[in-house]
Amino acid sequence: MKAEAAALELRIRGVVQGVGFRPFVYRLAHRHALAGWVLNGESGVQVHVEGSRDALEEFARAVVAEAPPAASIASVERTEATAEGFDVFAIRESGAGDRLTARISPDLPVCEACLRELFDPNDRRYRYPYITCTDCGPRYSIILGLPYDRPRTTMAAWPLCARCDAEYHDPSNRRFHAQPLACPACGPTYVLREEERQRRGTEAIEAAAALLRDGAIVAVKGVGGYHLACDAANVRAVAALRERKYRKERPFALMTRDLATARTIAELNDDAEALLTSSARPIVLAPAHRQLEGIAPGNRELGVMLPYAPLHHLLFAFGAPNVMVMTSANRSSEPMAFDDDDAAASLAGIADAFLIGERPIVRRIDDSVARVTSLGPAILRRARGLAPQAVVSIPSSRPILATGGDLKNAIALVVDGQAFVSQHVGDLDHLPAREAFEAAVHDLCATYRVEPSELLVAHDAHPEYASSAYARSLSATCFAVQHHRAHVASVLAERGEWTREVLGVAFDGTGYGDDGTIWGGEIFHGSIATGFTRVVHLRSAALPGGDAAARFPVQAAAGFLAQLDDLPDLAAVPFAFPPRYELARALIAKNVRTFTTTSMGRLFDTVAALLGFTREITFEGQAAMWLEHLAAEADDAPSYEFPYAGGELDYRPVLAAVVADRARGLDARTIARAFHVALADVTAALHRDLGGGAPLVVSGGVFQNRLLLDLLHDRLGEALWENRLVPANDGGLCLGQSAFAAFATPGVASG
């Protein structure tokens, strides 16, 4: 290297570790005849290059333009440097500093090159279930710490054989510095345990496929945990899985052999197919094209995903059914099993056999869930393939931990302004889920070397939430964020809109309000920087029995219908309300265990009850989903009157019309659609009258309703903003909490 050579240093941030970025930079430097080095640093990838000025410029351009497909560059910091006279370009060992802010790569699906080798009889990794390279394979699920190198993964227990080691150190090989690298000679494999019998390797996978063909239920260890798999077309197997898992009606996710098979069971448009084949490989909700008995009772949609691990492709190749149930392996309401011993204990009596991968999983990661609306793709559950990516940049120099809510929990950690959102944790009303929640907090804080004393901790304002109690238990400054304001803020945070004044609508089932009552139908005006003022809300109703009203739609209906006069006999046909309705009315009359609510979710339940959903729900939101699917079956319907005045949305005229139409025999589908149209119309009217030209921001579980979103989009167009990167349900609360905490005013901390 000549002394007069120019030099350049690059600091590249984003998802650039664990995606083959260093080998890519190495090859790029050689192509441009540059010397220097590249390493995984604390905040991303650091590069020092020396050579001619023209070559340096071309190199800097190509680093961004030709980055590996799995990489996501957030920023490139470029500085002029002093040439040190390097003769070659090298990959250096990672450094270790005080604070890590590098973005961990999510787990990636097996790439096409590895798939070709997987089924090539002449390749030494033929039928090897852990085949991988720098472009694909596990990342977040196996990382023990940063920077991302093999000793900090669960593959450290398997030393590379001579041939794998040669590939690992060969810059021309696509497995150059592939940390999960292995082969049949030196890596882990799969074991099938069936009663007293045990088989290994290819024989185990082939036998598991045969069991699935024969109607068995097999616990399959995947990338982020165990799935329970069975033949989706085998009615007996599906029924047995429901019975053993205590999962009465909640839809099962399906995995299809390929995209062509997926098209035979679901109506997929271009956006849905793009989601299915994306690097996240999520479960995609789409209208059912073919009914599969027992898979999604009473539901017009199916949740479909494609194989993403080599093991899945092998199972299909060995003759597993073309469409399989592939549902999280757990008992009802518990987190997904990911530890082998725990899986053996918790799934005993559910699975007929266990297909166990020897590679340990560091953290459980469910499958992500997404759907396509008229506004584009939206995430309903953020997990495998997406977590723990930094969703947005938040203007905060102080680390922020946001603990989310108690339902559909996810947490967020803001480090150096980057908001890392965890995988879906689940509902914290069960001890295993609370343990998973605490593990997720510890995991993110330890990974990024954040001490609790440094943190500003944002949490839900509900004083009895487990997530809030945990936040207050930390040796940190705490900041309470009202539930529905956090929903609205999550949408604005996705867009980086900190000072934009908006009209925000938060519709959901429940959330702790400023006045201590149960909110859920709230309209706000303001911004994240200045705060949100509640300007309109759903008219208050009685909620007899508290949380029980969320399980029994007729119980919720008793509170809303108590404000109507001249009701017909709701115990008679066509309503046929069960005795629980009268018991709930008695609670209201005596003011016993009766609370006050503005919950839009409970209003949906009330309408569902009036139209025929009079039984207990078996999973959260079931009655509202039933109502949405009923409404979607009607081509058109007139709108009901849904007035607002004095800061209240008055549901009484809507319910009176629903009761009258139902009593006179109008088709329930038409009534259900008329209710949706009425809600869309009044929401659009609120925007017209109160928005002042600002966007209408919608969030909360009710806005997972695709029909309602489509109706609103028809009325508002681009003025409608919804969640896209985090769920509209409580899984997105942590992002909104983080945003509010970044703008917290001194002196308003809750503890």
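Computation of the quantities below employed the complete heavy-atom set of this structure, encompassing side-chain atoms and omitting hydrogens, waters and symmetry-equivalent molecules.
- For Arg585, the CZ atom counts as loosely surrounded, since its 6.0 Å shell holds 12 or fewer non-hydrogen atoms of other residues, nucleotides or ligands.
- At distances below 3.5 Å, at least one donor-acceptor pair connects side-chain atoms of Gln482 with backbone N or O atoms of Tyr512.
- Annotation for Leu712 and Ala684: closest pair CD2-N, 4.3 Å, computed over non-hydrogen atoms.
- Side-chain N or O atoms of Arg384 include none that pairs as donor or acceptor with a backbone N or O of Ser368 at under 3.5 Å.
- With sequence neighbours excluded, the residues satisfying side-chain contact (heavy atoms from CB on, under 4.5 Å) with Ser599 are Thr597, Arg602.
- Looking only at side-chain heavy atoms (C-beta outward), Leu679 and Phe604 come within less than 4.5 Å of each other.
- Counting only N and O atoms by type, the side chains of Ser467 and Asp460 include no donor and acceptor under 3.5 Å apart.
- Within the 3.5 Å criterion, the main-chain N or O of Val491 finds no donor-acceptor partner in the side chain of Arg495.
- Residues Thr517 and Asp515 bring a donor and an acceptor atom of their side chains to less than 3.5 Å of each other.
- For Asp514, the CG atom is densely surrounded, since the number of other residues' heavy atoms within 6.0 Å is greater than 12.
- Side chain of Thr594 to backbone of Val592: a donor-acceptor contact under 3.5 angstrom is found.
- Distance alone, capped at 3.5 Å, is enough to place a donor-acceptor pair between the Arg364 side chain and the Met336 backbone.
- Relative ring orientation between Tyr470 and Phe437 is described as perpendicular, the plane-to-plane angle rising above 60° on a 0-90° scale split at 30° and 60°.
- Between His487 and His483, the angle of the ring planes goes over 60°, which puts this pair in the perpendicular group of the 30/60° scheme.
- A salt bridge does not link Lys248 to Glu616: none of the charged nitrogens lies less than 4.0 Å from a carboxylate oxygen.
- Geometrically, Arg534 engages Trp519 in a cation-pi contact, judged by NZ or CZ lying under 6.0 Å from the ring centre and within 45° of the ring axis.
- Here the straight-line distance linking atom CD of Glu464 with atom CG of Asp406 works out to 10.5 Å at 0.5 Å rounding.
- Put simply, the side chain of Ser422 never gets that close to the backbone of Ala412: no donor and acceptor are under 3.5 Å apart.
- For Glu648, the salt bridge (Lys or Arg N to Asp or Glu O under 4.0 Å) partners at least two apart in sequence or on another chain are Arg539.
- Gln704 places no side-chain N or O within 3.5 Å of a backbone atom of Val702 that could act as its donor or acceptor partner.
- Ser346 places a side-chain N or O within donor-acceptor distance of the main-chain N or O of Asp342, the cut-off being under 3.5 Å.
- Figure legend: Arg363 and Phe338 shown without cation-pi pairing, the cationic atom not lying both under 6.0 angstrom from the six-membered ring centre and within 45 degrees of its axis.
- Judged by distance alone, with hydrogens and angles left aside, the side-chain atoms of Arg580 form no donor-acceptor pair with the main-chain N or O of Arg615 at under 3.5 Å.
- Centroid-to-centroid, the aromatic rings of Phe524 and His537 stay 6.0 Å apart or farther.
- The aromatic ring centres of Tyr581 and Phe552 sit 6.0 Å or more apart.
- Note that the CZ atom of Phe740 and the CD1 atom of Ile400 stand 12.5 Å from one another [nearest 0.5 Å].
- Here Arg13 pairs with Asp416 in a salt bridge; the nearest charged N to carboxylate O distance falls below 4.0 Å.
- A cation-pi arrangement is absent between Arg485 and Phe532, since the terminal nitrogen or guanidinium carbon is not both under 6.0 Å from the aromatic centre and inside a 45° cone about the axis.
- Ring geometry for Phe703 against Phe507 counts as parallel: the plane angle stays under 30°, on a 0 to 90° scale with 60° as the upper cut.
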**Report entry** Stepwise side-chain hydrogen bond (donor to acceptor under 3.5 Å, both in side chains) test for Gln563 and Tyr651
**Finding:** CA-CA 10 Å; Gln563 300 195 32; Tyr651 53 77; 2.8 Å; yes

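- Heavy atoms only, all atoms of each residue included: Pro695 and Trp721 are closest at CG-CZ2, 3.5 Å.
- Expressed to the nearest 0.5 Å, how far CG of Leu375 lies from NE2 of His713 amounts to 4.5 Å.
- Expressed to the nearest 0.5 Å, how far CZ of Arg381 lies from CG of Asp367 amounts to 6.5 Å.
- A distance-only check finds a donor-acceptor pair linking the side chain of Asp427 to the backbone of Lys408 [under 3.5 Å].
- Checking His676 against Asn705 by side-chain atom types alone, a donor-acceptor pair falls below 3.5 Å.
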